[in-house]
Amino acid sequence: MTNEKIDYHAIRERVVRKVSQAMSAKRFQHSLGVEKATRTLAKLNGADIEQAGLAGLVHDYAKERSDEEFVAMIHEKHLDSDLLNWNNNVWHGVVGRFFVEAELGITDPAILQAIERHTTGDAKMSLLDKLLYVGDYIEENRVFPGVDEARALAQVDLDLAVSFETEQTLCYLISQHKSIYPKTLATYNAYVAHFKEDL
Ligand code: GDP
Ligand code: FE
Ligand code: FE
């Protein structure tokens with residue numbers, strides 16, 4: 001059984017049921033939209049389509065859990081106590097990956113990492129991290145200013161799409177006077193700013 005390739009397709013039916021039971025109909029539609037988007041982006045970028053689709057399907061699995069459940073998981077997994085200062089926006093990915101692992105039985109570290117990073121990005125993202133980060137942003141149900149440009153960029157260059165999304169998200173958060181999670185800033189420095197040249 002060692003090194004056997006996981007049959008993502010075979011487990012989809014069970015996972016779809018659990019994901020749909022964990023969230024509103026609207027968020028479930030979003031999850032199916034992200035599954036579709038990550039599969040398409042995987043095809044375009046020569047990545048594993050089934051793995052990318054599964055990551056898309058489950059990425060927001062924990063989004064409707066209570067704050068108390070996230071706090072309990074932060075303690076249980078001995079995660080950085082700074083996480084306690086944040087909220088659902090950050091927790092549902094960074095902490096949500098542990099709910100996906102425990103309750104959906106998904107153990108693929110690449111999928112769990114992509115879920116962890118799907119909201120904030122990371123200074124150094126894997127191909128799968130980028131597929132989910134961008135797929136979440138451009139899926140067909142999304143309606144917001146800039147989404148068409150993001151979709152067009154994603155067809156041409158995944159890194160450009162990461163860059164565009166990161167800048168848009170940061171500008172939006174600042175315009176709303178929201179706190180910026182340090183990882184979000186690290187993503188900005190890595191994929192948007194040319195800070196090394198500008199120093
Ligand atoms: P969704 O779960 O499909 O709605 O999308 P995301 O997981 O990408 O984002 C969830 C929310 O987190 C959005 O409202 C983002 O604007 C917000 N968000 C992303 N980065 C940050 C951050 O650094 N700080 C804060 N406060 N919110 C963030
Ligand atoms: Fe999310
Ligand atoms: Fe999402």
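Order of listing sets the numbers, starting from 1, for every ligand and every atom in it. Starting from 1, each residue takes its place in the sequence as its number.
For ligand 1, the atoms lying closer than 4.0 Å to a non-hydrogen atom of H118 are 7 (O). Close contacts between ligand 1 and S179 involve ligand atoms 22 (C), 24 (N), 25 (C), 26 (N) [criterion: under 4.0 Å to a heavy atom].
Salt bridge annotation for K130-E165: absent, with no cationic side-chain nitrogen under 4.0 angstrom from a carboxylate oxygen. We find that R12 and E50 are not joined by a salt bridge, their nearest charged nitrogen and carboxylate oxygen being 4.0 Å or further apart. Between R27 and E64, at least one side-chain N (NZ, or NE/NH1/NH2) sits under 4.0 Å from a carboxylate O, which counts as a salt bridge. Between K36 and E140 there is a salt bridge, since at least one side-chain N of the basic residue sits less than 4.0 Å from a carboxylate O of the acidic one.
Side chain to side chain, H118 and D129 fail the donor-acceptor criterion of an N or O pair below 3.5 Å. When only modelled atom types and interatomic distance are considered, H59 and H92 share no side-chain donor-acceptor pair under 3.5 Å. A donor atom on one side chain and an acceptor atom on the other are not found under 3.5 Å apart for Y191 and E167. Side chains of Y133 and T166: a donor on one and an acceptor on the other come within 3.5 Å. Defined by atom type and a distance below 3.5 Å, a donor-acceptor pair is missing between the side-chain atoms of Y181 and N89.
Its N, O or S atom nearest to the Fe ion (ligand 2) is what matters here, and for H118 that atom is NE2. Atom NE2 is the N, O or S atom of H92 at the shortest distance from the Fe ion (ligand 2).
In this structure, of R142, K178, R27, the residue bringing a heavy atom nearest to atom 3 (O) of ligand 1 is R142. Taking each of L173, T187, V90 in turn, the one with a heavy atom nearest to atom 16 (O) of ligand 1 proves to be L173. One option in T166, D60, N89, T184 has a heavy atom closer to atom 14 (O) of ligand 1 than any other, and that option is N89.
Geometry at the Fe ion (ligand 3): OD2/D60 and OD1/D136 form an angle of 170°, nearest 10 degrees. Draw a line from the Fe ion (ligand 3) to NE2 of H30 and another to NE2 of H59, and the angle between them is 100° (to 10°).
Taking 4.0 Å as the cut-off, H30 counts as a neighbour of ligand 1 on heavy-atom distance. Residue K183 places no heavy atom under 4.0 Å from ligand 1. Residue D136 places a heavy atom under 4.0 Å from ligand 1.
Distance alone, capped at 3.5 Å, is enough to place a donor-acceptor pair between the T187 side chain and the K183 backbone.
Scanning all protein heavy atoms for the shortest distance to atom 9 (O) of ligand 1 gives T119 CG2, 3.4 Å.
Residue-to-ligand polar distances keep H59 apart from ligand 1: every N/O pair is separated by 3.5 Å or more. Considering backbone and side-chain atoms together, K63 places an N or O closer than 3.5 Å to an N or O of ligand 1. Taking distance alone, with nitrogen or oxygen atoms compared against 3.5 Å, Y172 stays at or beyond that limit from ligand 1.
Applying the 6.0 Å contact sphere to CD of Q176 captures more than 12 heavy atoms from other residues, nucleotides or ligands.
No part of Q176 comes within 4.0 Å of ligand 1, judged by heavy-atom distances.
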